[in-house]
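Taking it in order: structure first as structure tokens, then the write-up.
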Amino acid sequence: MYIYRITTTGFFTKRNWKSMKSFDHKEIERKWQKKWQNERTYEVSDDTHKKKCYVLDMFPYPSGEGLHVGHPKGYIATDVYARYMTMQGMNVLHPMGWDAFGLPAENYALKNKVHPAVAVKKNIARFKEQLEKIGFNYDWKREINTTDPAFYKWTQWIFIQLFKKGLAYESYEPINWCPSCKTGLANEDLDGNVCERCGTVVEKKPMRQWVLRITAYADRLLQDLDALPWSDSVKEMQRNWIGRSEGALLRFPVVNTEDVVEVFTTRPDTLFGATYMVLAPEHVLVSKHMPRIGNADEVQTYIQTTSKKTDIERTTAGKEKTGVLLEGLVVRNPANNKELPVYISDYVLAGYGAGAIMAVPAHDERDYAFAKKYNLPIEQVVIPYADDTNNPPQEGYKEVKRETVIVFLKNKETGMYALLDWHGTLEGITTGIMGGVEEGQTPEDAVYAEIEEEVALKGISITKKLRWITAARYCASHKKENRLALSHVFLAEVDTCKNQGEIPDEEKAKHTLTWVTEQEVLEKLTPDHQKQIWRLLQEEEALPGEGVLMNSGKFSGLSSEEAKKKITELVGGELTINYRLQDWVFSRQRYWGEPIPVVHCDSCGVVPVREEDLPVLLPDVESYEPTGTGESPLASIEDWVHTECPKCGGKAKRETNTMPQWAGSSWYHLRYIDPKNDTALVDKNKEAYWSPVDVYVGGMEHATRHLIYARFWHKFLYDIGAVTTSEPYQKLYTVGLILAQDGRKMSKRWGNVINPDDVVSKMGADALRIYEMFMGPFGQAIAWSTDHMVGARRFLERVNGLQEKIDFAGEGNNILLHQTIKKVDEDIASFDFNTAISQLMILVNDMEKRATVQREEYKILVTILAPFAPHLTEELWEKLGHKHSIHKEVWPTYDEKIIQEAVATIAVQVNGKVRGSFTALPTTGEVELKELAKQVVTVKPHLEGREIVREIVVLGKIVNFVTQEKNT
RNA sequence: GCCCGGGUGGUGAAAUUGGUAGACACGCAAGACUUAAAAUUUUGUAGCCGUGAGGCUGUGCGGGUUCGAUUCCCGCCCCGGGCACCA
């Protein structure tokens, strides 16, 4: 018999089946896959006496292309984990199914001129065949398919429950329309402003659609994230997506009308600094007041220009601001009754907040840029302050306010700037020239006085005064008080330093004057606050930070935090929370989706289909091409559309929009628990037993779509009592991509796809599994390497070859064996498969070096390898004389005491450098370790002639001698 | 711009309550077996110096803390991902 094997050059050669090491993977796989099926090895019971473990993969979308080698990576991981958990005595549910509604399947069907239902059936068969070759332990009796009416009956049922609770509603707001896919899309389906599916730039199109009120769950979706044991990155992505921001709704009356403009702001504390207002061009008040606007033509033109722009053109940060004044429209600032001009500009988005802003140019970058361009007043109302990091304010000291000046003085002759190096308690600190503003002095007076005093220079001129007053808090420890220094900041010049007088000793004791170049200033300045001031002097920017209020009437002096509440209260606004998350656009104007189960009745309006009439079947039709009119192709199927109203029995029309691809996947995890139930979505007892999913595995690309939608639906089902947990998935692991050998994504387009079928046929399913788990950390993207894969196959051959050495009383290495059981056990549990395998390799390498191998030890090796290599281990297990499947075997236990017996290698350091090592029992005491360490041959020379001043011992690890030269 | 990851040999990587950096695997080099090749196997493999024993350097860069830093702190650079005129 011959088998084929891969060589280092990638060619496959025939090899004589002589060596005991090699094995015929094809035969073994065929034999056991058949046997597992016949003996129903992987069927799951609802035996509630056992502890359960629900392990779930994100189910695949069966595309026409079939699987590539990257797809099964996550499935292999869950398979390993599920087998491991089964061996731990758990009742494990590890199901698989198909997510088959939606655009990709429909587009594939259109392209290949087959009915989507036919295409899907064929693709599923192909996927299933590919998966089965890899030897997964799915219980196929629980297979589900989102396009199966028995499944989508319940998707529709959930929609009706949402509708009844007011969480599904019709809307006519403009939504994202993909002209190529001919359907409306949710925000989540966009990649920037481009259809995530086909790459076409989307348009805003007003149309009737169904929307789910996911925003009602925004806060819970956000808050419950904290307790989820998910990776920070996924949680952070969801937080960003939900985008909660706390602020206030404020109302600005429109002068000479009854109208008010509502604005949302996160900074109500800056209300006194609002110097104009900006509306989104689409704002309702713009069209409403068009007759009274003086420059209506100009305004209309601007609105039109804006509407033609794509969202990307409109919303790229840092773009030059544009806008138009609405002549004749004036609003009143409710805080100080000042009248403010109103602009429209595309930097204000209609869809966020109230679609209008109060512009505070002093404290907002964007408003600042706009105000600069259109010459609008800029008024500082907040003094942001920073705590001095070198000398921070102390708890418990009283705070004293001081008005100060900070000057950066330039010598025109040399171009150098004067800085002060401080002494005494401020040693190490370097600042600009600073001092207090005395009673009756203007800040400018103080500048002249201070420079004369501290630097003894006359004839200086002020060249710039910073627009802003800044502040820093620090501790004046000699006075036992904290100071809040409000600073006026200046740039000043002096022609020459030739006439510098004598600096008084008193000042010299406090600080030394140093001159530095312009480039050096930023390096030399130590307080962050002064660095910031210096930067502001170079380039003036808005001051976005919070701080102490000024120029704000009776609120001046308050902190931003207090002022937010009080100012909002004063003007009758309310503190609110705003989300970036928008309601979920749930209609698709396409054929291949779940029909939305409602009818439109002339007398009753929108009426949900009676639950006993579910499912509303997707009609079987010849032509299902999208219309592009905003109507679904279902609209033209007359005898399907016309129906009776479930309420009054009168004439009604069916809703013709279908659900998006994400509907089925938002709850499918529940259906595996009870896949055949016709009277309920899931049996209550079964749900209570199996929920939640304990371990969920899938790609990072679902972090903000599927994973948010599914959490939303699950929470809703929890609220109506349909499920018992408020979160669907406990532990979540994201699988890292397998890239092609060229480092790019695997894709037909690049011609770099590796098909698992080929790999399985040439190297075996077990080798594929081992390799994919051994590649690197599970969550990391790594390029496929056929070269590296050889190692996985060789490893299995070595395991197989060890049979020759089995002997009942053969050689053993009990310590290593127990270390291995422990490591593999813990690493599988934490999804660190790569290190689990490397430990198995260490054990196998050790066994290979022996003349014989103890039978019991080999048995344990095969057992703990079984989750990774189910076929070969099953074969070896049988050869060892076992009648039951190895996959029903109990996981071996390890003995911590035996592991403790391992001798430790103690490193010996001299002054932190390793100079040698010796072995000792881990129980060896400190005194003995020191003595042994001193005797190490390579260590001795380093101790000779030197005095040991300190000895550090870490038991079982290290001895470190700190030495110095002997005093003579 | 903001937020999350990450940066270790020729390659994939391992090690973090601070304790011998590079386990394991691939590749490579030399040897054994062979007429030869493949397969298998033995040895070596971070860099530099040295015949060797050994020495010096080394975990993106620069500082710091420590007897000791891949690991902790401060300041940067680069790569990947998310969000982004979000008020």
Side-chain angles (χ1 to χ4, degrees), chain A residues 5 7-9 11 13-16 18-19 21-22 192 231-241 243-245 247 263-267 270 278 314-319 321 345-349 351-360 363-367 369-370 389 578-580 700-701 703-704 770-771 774-777 779-792 794-795 797 801 832 834-835 837-842 844-845 848 905-917 937-938 941 949-963:
Chain A
R5 68 175 290 119
T7 70
T8 52
T9 46
F11 292 102
T13 56
K14 270 186 186 176
R15 178 151 80 102
N16 201 311
K18 257 196 308 204
S19 157
K21 287 215 160 182
S22 195
S231 72
D232 287 340
S233 53
V234 174
K235 293 209 272 191
E236 205 52 34
M237 278 165 81
Q238 294 214 349
R239 288 193 189 105
N240 281 342
W241 192 264
R244 176 190 150 104
S245 66
V263 304
F264 174 77
T265 176
T266 54
R267 297 294 303 275
T270 63
V278 189
R314 259 188 83 161
T315 59
T316 305
K319 189 198 71 173
K321 303 267 177 297
S345 172
D346 62 9
Y347 84 88
V348 174
L349 306 175
Y352 184 80
I357 59 154
M358 63 180 210
V360 186
H363 302 293
D364 182 282
E365 265 179 75
R366 294 147 299 170
D367 299 345
F370 191 85
T389 45
N578 200 48
Y579 297 95
R580 202 200 74 101
M700 195 63 155
E701 68 274 16
T704 52
I770 294 269
Y771 173 57
F774 183 62
M775 287 177 96
Q780 190 168 306
I782 300 171
W784 176 267
S785 164
T786 302
D787 286 351
H788 283 187
M789 214 197 129
V790 177
R794 279 185 198 151
F795 166 66
E797 291 187 1
D832 295 312
N834 55 334
T835 47
I837 291 170
S838 87
Q839 183 64 38
L840 285 164
M841 287 171 168
I842 291 169
V844 168
N845 290 349
E848 277 226 302
T905 307
I906 314 289
V908 185
Q909 299 184 334
V910 179
N911 294 329
K913 285 204 169 150
V914 179
R915 297 299 179 183
S917 66
V937 187
T938 51
V949 292
R950 213 177 141 184
E951 296 168 320
I952 291 137
V953 179
V954 180
L955 290 179
K957 288 198 170 148
I958 209 161
V959 178
N960 187 10
F961 297 113
V962 185
T963 66

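Chain identifiers are assigned alphabetically (A, B, ...) following the order of the sequence lines, protein sequences preceding nucleic acid strands; residue numbering begins at 1 within each chain.
To the nearest whole angstrom, the two C1' atoms, one in G58(B) and one in C48(B), are 11 Å apart. The P atoms of A25(B) and G6(B) are separated by 26 Å, rounded to the nearest whole Å. The separation of G54(B) from U17(B), taken at their P atoms, amounts to 31 Å, rounded to a whole angstrom.
With A87(B), G12(B), C56(B) as the candidates, the nucleotide lying closest to the side chain of Thr266(A) is A87(B). Taking only side-chain atoms of Lys913(A), from C-beta outward, the nucleotide of C26(B), C56(B), C24(B) with the closest atom is C56(B). Comparing A25(B), G27(B), A87(B) by their nearest atom to the side chain of Arg366(A) picks out A87(B). Nearest nucleotide to the Glu848(A) side chain, out of C26(B), U41(B), A23(B): U41(B). Of the candidate nucleotides C67(B), C26(B), A13(B), C67(B) has the atom nearest to the side chain of Val962(A).
Checked against salt bridge (charged side-chain N to carboxylate O under 4.0 Å, His left out), Asp364(A) has the following partners two or more places apart in sequence or in another chain: Arg366(A). Residues satisfying the salt bridge (charged side-chain N to carboxylate O under 4.0 Å, His left out) criterion with Glu951(A), sequence neighbours excluded, are Lys930(A), Lys934(A). A search for side-chain contact (heavy atoms from CB on, under 4.5 Å) contacts involving Val908(A) returns Phe918(A), Ala933(A), Val936(A), Val939(A), Phe961(A), not counting sequence neighbours. Evaluation of the salt bridge (charged side-chain N to carboxylate O under 4.0 Å, His left out) rule for Arg950(A) yields no partner, not counting sequence neighbours.
A salt bridge links Arg239(A) to Glu236(A): one of the charged nitrogens lies within less than 4.0 Å of a carboxylate oxygen.
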Contact letters for nucleotides 14-22 of chain B, in which S counts primed atoms plus P, OP1 and OP2 and B counts the base, heavy atoms under 4.0 Å: S----BB--
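Within 4.0 Å of Arg915(A), counting heavy atoms only, lie sugar-phosphate atoms of the nucleic acid but no base atom. Residue Lys235(A) is classed as having no contact, given no heavy-atom separation below 4.0 Å to the nucleic acid. Residue Asn845(A) is in sugar-phosphate contact alone, with no base atom involved, counting any heavy-atom pair closer than 4.0 Å across all strands shown.
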Detail all sub-3.5 Å separations between protein N/O atoms and N/O atoms belonging to nucleotides 3-6 of chain B.
from	atom 1	to	atom 2	distance (Å)
C3(B)	O2'	Glu236(A)	OE2	3.0

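With a cut-off of 3.5 Å on both pairing distances, the Watson-Crick or G-U wobble partner of G1(B) is C83(B). Of the nucleotides present, none pairs with G18(B) by Watson-Crick or G-U wobble criteria with both distances under 3.5 Å.
Checked against the 6.0 Å centroid threshold, Trp241(A) and Tyr579(A) do not count as a close aromatic pair.
At least one side-chain heavy atom of Met237(A) sits less than 4.5 Å from a side-chain heavy atom of Met700(A).
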